[in-house]
*Asks:* 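One structure, pasted below without further comment.
Just so you know, ligand 1 is whichever comes first in the structure, and atom 1 is the first atom listed for that ligand. Computed from a predicted structure; not experimentally measured.
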Amino acid sequence: MAKRINALDPQLINQIAAGEVIERPASVVKELLENSLDAGSTRIDIDIEEGGKKLIRIRDNGHGIANEDLELALSRHATSKVRILDDLERISSLGFRGEALPSISSVSRMKITSQDEDSENAWSITGDGSQTGNELTPASHPQGTTIEVRDLFYNVPARRKFLRADKTEFNHIKDVIDKIALSRFGIDINLNHHGKKISNYRGGANADSEARRVAEVCGKPFVESAIKISFAAAGLNLEGWVAKPTFSRSQADLQYFFVNGRIVRDKLIVHAIRQAYKDVMYSGRHPAFVLYLQLPPELVDVNAHPTKHEVRFRESRLVHDFIFRAIHNSIADQRPAQEQPTHSVTEAAQYHSQQTKDAFGGDAVATDLVSAAGLASSPVSPNKYSSFSQSSMALPVREQMASYDRLTHGSADVEMSAENGSEEHPLGFALGQLHGIYILAQNKTGLILIDMHAAHERITYEKMKAEFESKAIVAQPLLVPISIAVSRKEANIVEESKEFFQNIGMEVDRMGTETIVVRQVPAYLYKADAVKLVKDILSDLIADGDSNRGREAINLVLATMACHGSVRAHRQLTIPEMNSLLRQMEQTERIEQCNHGRPTWTQLSMDDLDKLFLRGR
Ligand code: ADP
Ligand code: MG
């Protein structure tokens, strides 16, 4: 016999709906705060007890709820925010589903107290989500609304069991509040736990108070290292802060993205941002950002998910490209400028002590490529790190370097003194070299320290990308082709990727199941270790895993080649060579970071130095 169908009672319907949107105390806080924002509040006070399990109380000074609507607020699918289907097409409020209050009331002991402009006095209502037997009592309340939620999930033991320790639940609540605080700079928000003040955000809509709030939520170092961006095109507007790649994080924990004032976590957006950082961030690291995208509401569907964390863009390609371009360009624009805010002494020192090891550990092949890449020619100093034979040194590599010379010509020969030239030269002029690793230079502001390998790597990489674009990579046949033993998989890749290799100025052929032969390499890599170079490229291609060898694979490989083609630590440079490097840095996009996202230079201002020496002013 068939099982009989019966209609669910309203409380159960609401409890089922609660199952979707109310996962834990923080979800209640999110829904209630969104209602307060939709009501135009300028101040919100939040009191929490026992991580929100015992009490969540949110009081706002918004427009309130009319007396006669209080009952409706507690019924399902009742909302003041949409009326007809068309409204759904252009939602400007955070809520619109009319589900939150009835859902919450069905799984907790809830009380709403509200006073609107037109009512004589405030009223309170309590209800249990059954839509009947709600109790209305007169109350006293200034204009606005207070919602109290006690004993969340008292009647849903299965849910209650899954709640975590008070501290954990409270941290989730704090996260929600931080996001809301970032989404509306103009609003005062106070958060108390057991009567103790936890956060206390002051509203303000000028640049200073915005930066202050971002610092309160994301920490000062983020704001200090962030690039402020503002981009508009095709009806889209993107503003906010993106951290310089050197501020990357090991977790994706400092990423806030708002679409029309609503926090979202969206794959398309995350992808666009990752792409924008691709070139300048070590893989496995995560960018940090606080970004606000504004677009006409009809171009985005916020009704994609009950929690409204996800959105759908009508023109997803356009949005993706817009975000990518805005961030990519902002990062590329970072060049040394006279007024560059400088890293603090301690920050720089800490950073370098951490990074020096991995930057200079490992291979120390001196490739003498400063001159090959167009820096001032100087007598080739015998270099104890060189792994190249004299015969290969004798080859006319420089003659192949017309394009590099063109790019750098002029700057290399100019010798100016620090006194007269620093206006046009933000990075100033070289003083000397420190332990074969850093270049010291002086500019107007003070001392500049440059990691010469990191800087040169970025210069080389950007040039290589430009040359690749214009098909100007010059190949140089090896006098004696080199055969290399590789795995079968690597040999297969070589066989599949003949054209790819040609495009990057290399000729590599398969000789046997596990042997390949290198016949030519890009001219300025002539002196590099061809075996190591090819092996590195092959591991890039294996890591890329895509036999189409798209732009990503190409950039990956170009970055590897740039690394092989860049001046190594412990290579002695002359002062003109150093100055030439500085001039090239000033002209190079994305010069702030090497290809692995390490910083390339830092400044110690006279002030910083005075502080070090306790020089009073
Ligand atoms: P939604 O936000 O999707 O409309 P809710 O269940 O969250 O649904 O709220 C129902 C209605 O109650 C809202 O449409 C709004 O009219 C009213 N409301 C809820 N909270 C507040 C508040 N803090 N201030 C003013 N009105 C509120
Ligand atoms: Mg709501």
*Asks:* So, using ring pair (Phe, Tyr, Trp, His ring centres under 6.0 Å) as the criterion, who are the partners of His172 when residues are at least two apart?
*Replies:* none
*Asks:* If you count every heavy atom of other residues, nucleotides or ligands that lies below 6.0 Å from Lys278 atom NZ, does the total exceed 12?
*Replies:*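 Count not over threshold, so no.
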*Asks:* When you check the gap from the basic side-chain N to the acidic O, do Asp178 and Lys174 get nearer than 4.0 Å?
*Replies:* yes
*Asks:* Measure the acute angle between the ring planes of Phe258 and Tyr292, then classify it against the limits of 30° and 60° as parallel, tilted or perpendicular.
*Replies:* parallel
*Asks:* Within a radius of less than 6.0 Å around NZ of Lys220, do more than 12 heavy atoms belonging to other residues, nucleotides or ligands occur?
*Replies:*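 Not more than 12 within 6.0 Å, no.
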*Asks:* Checking Phe170 now: which residues fulfil ring pair (Phe, Tyr, Trp, His ring centres under 6.0 Å) with it, not counting sequence neighbours?
*Replies:*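 With sequence neighbours excluded, Phe170 shows a ring pair (Phe, Tyr, Trp, His ring centres under 6.0 Å) to His193, given in chain and number order.
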*Asks:* Which atoms of the protein, restricted to N, O or S, are nearer than 2.8 Å to the Mg ion (ligand 2)?
*Replies:* Asn35 OD1
*Asks:* Would you please write out the protein residues whose heavy atoms approach any atom of ligand 1 to under 4.0 angstrom, listed by chain and number?
*Replies:*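 Lining ligand 1: Asn35, Ser36, Ala39, Asp60, His63, Gly64, Ile65, Ala73, Ala78, Thr79, Ser80, Lys81, Gly95, Phe96, Arg97, Gly98, Glu99, Ala100, Leu101, Pro102, Thr145.
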*Asks:* So, is the end of the Arg325 side chain (NZ or CZ) under 6.0 Å from the ring centre of Phe231 and within 45° of the ring's axis?
*Replies:* no
*Asks:* Output yes when Lys465 and Glu462 qualify as a salt bridge under the 4.0 Å nitrogen-oxygen rule, no when they do not.
*Replies:* yes
*Asks:* Pick out which of Asp47, Ile44, Asp45 makes a side-chain contact (heavy atoms from CB on, under 4.5 Å) with Asn190.
*Replies:* Asp45
